[in-house]
Amino acid sequence: MATRLKNLSDFSDTAIPSAAPYRFGIVVSEWNSGITNALYGGAYQSLINHGTLPDNIFTYQVPGSFELTAGADLLLKNLKLDAVICLGCVIQGETKHFDFICQAVANGVSNVAIKYSKPVIFGVLTTDNQQQAEDRAGGIHGNKGDEAAVTAIKMASLAEILNN
Ligand SMILES: Nc1c(NC[C@H](O)[C@H](O)[C@H](O)CO)[nH]c(=O)[nH]c1=O
Ligand SMILES: CC(=O)[C@@H](O)COP(=O)(O)O
């Protein structure tokens, strides 16, 4: 569904499990930090609002969205986690670099999820311009960080059910 038809932060709380049992990693890209910091704030607060203990949130920064894949891999390799949230913002420039980064991160985080059989959430904005990013990082279309956190909670709960 196109974002313009759905607010990224609009969820029915009744459909979201308690996050109290789970441990979450969050990897945040430093590129476009004004946007990614807002995404992080939304994700962190959403995890807390749904019961996550602050001590069960493990946050690390990476230089750019391209490094989110390696960051997620390092977290799952070295920490006991129930899910990893990857947060970034890629904004179209003059060249095809945008396309390569976006595709690499999307494919990369999917591969890490499969490698570790753990949910790895693609919380990366891929926008034409700054305004579209601002609109989705706490603006008129909500906050993709909220969406990513709720997705992580739901997937951690699903994994717990199916793995037991
Ligand atoms: N242009 C953006 C980048 N570029 C940097 C890459 O992500 C990467 O760090 C570099 O290619 C070295 O490997 N990153 C973003 O997150 N957002 C951008 O708009
Ligand atoms: C998406 C990017 O990497 C971007 O900053 C690169 O800009 P450009 O394509 O103009 O070099």
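One-based numbering, in listed order, for ligands and for the atoms of each. Heavy-atom basis, side chains included; hydrogens, waters and symmetry copies ignored. Quick caveat, the model's predicted, so the values are computed rather than measured.
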Close side-chain approach of D99 and Q92, heavy atoms under 4.5 Å: yes
Assess the side chains of E160 and N164: does a donor N or O sit below 3.5 Å from an acceptor N or O? no
Short N or O distance, E94 and ligand 2, threshold 3.5 Å exclusive: yes
At a 4.0 Å threshold, what atoms of ligand 2 neighbour a non-hydrogen atom of F98? 1 (C)
Relative to the heavy atoms of V90, which atoms of ligand 2 are at a distance of less than 4.0 Å? 1 (C)
Between F24 and Y22, how do the two ring planes meet: parallel, tilted or perpendicular, split at 30° and 60°? perpendicular
Check whether any side-chain heavy atom of K154 lies under 4.5 Å from a side-chain heavy atom of I16, and answer yes or no. yes
Report the nearest protein non-hydrogen atom to atom 9 (O) of ligand 2: residue, atom name, distance rounded to 0.1 Å. T95 OG1, 2.5 Å
What are the distances between nitrogen or oxygen atoms of ligand 1 and protein nitrogen or oxygen atoms, counting only those under 3.5 Å?
from: ligand 1; atom 1: 7 (O); to: S65; atom 2: N; distance (Å): 3.2
from: ligand 1; atom 1: 7 (O); to: F66; atom 2: N; distance (Å): 3.1
from: ligand 1; atom 1: 9 (O); to: E67; atom 2: OE1; distance (Å): 2.7
from: ligand 1; atom 1: 13 (O); to: E67; atom 2: OE2; distance (Å): 2.6
from: ligand 1; atom 1: 16 (O); to: S29; atom 2: OG; distance (Å): 3.4
from: ligand 1; atom 1: 16 (O); to: S65; atom 2: N; distance (Å): 2.9
from: ligand 1; atom 1: 16 (O); to: S65; atom 2: OG; distance (Å): 2.7
from: ligand 1; atom 1: 17 (N); to: C89; atom 2: O; distance (Å): 2.8
from: ligand 1; atom 1: 19 (O); to: N32; atom 2: ND2; distance (Å): 3.3
from: ligand 1; atom 1: 19 (O); to: I91; atom 2: N; distance (Å): 3.1

What protein heavy atom sits nearest atom 1 (C) of ligand 2, and how far away is it? I91 O, 3.4 Å
Indicate yes or no: does an N/O atom of W31 lie under 3.5 Å from an N/O atom of ligand 2? no
Partners passing side-chain hydrogen bond (donor to acceptor under 3.5 Å, both in side chains) against Q131 (at least two apart in sequence or in another chain): D135
Do L76 and L81 come close enough that some side-chain heavy atom pair is under 4.5 Å? yes
Min N/O separation H97 to ligand 2 under 3.5 Å: yes
For atom 7 (O) of ligand 2, the option (of G93, G64, C102, C89) bearing the nearest heavy atom: G93
Do other residues, nucleotides or ligands put more than 12 heavy atoms under 6.0 Å from the CZ atom of F122? yes
Does a side-chain heavy-atom distance below 4.5 Å link V84 with F58? no
Using a 4.0 Å cut-off to any heavy atom of I101, which atoms of ligand 2 qualify? 3 (O)
How far does CG of N32 sit from OG1 of T127, to the nearest 0.5 angstrom? 7.5 Å
CD1 on I91 to CD on E134, rounded to 0.5 Å: 8.0 Å
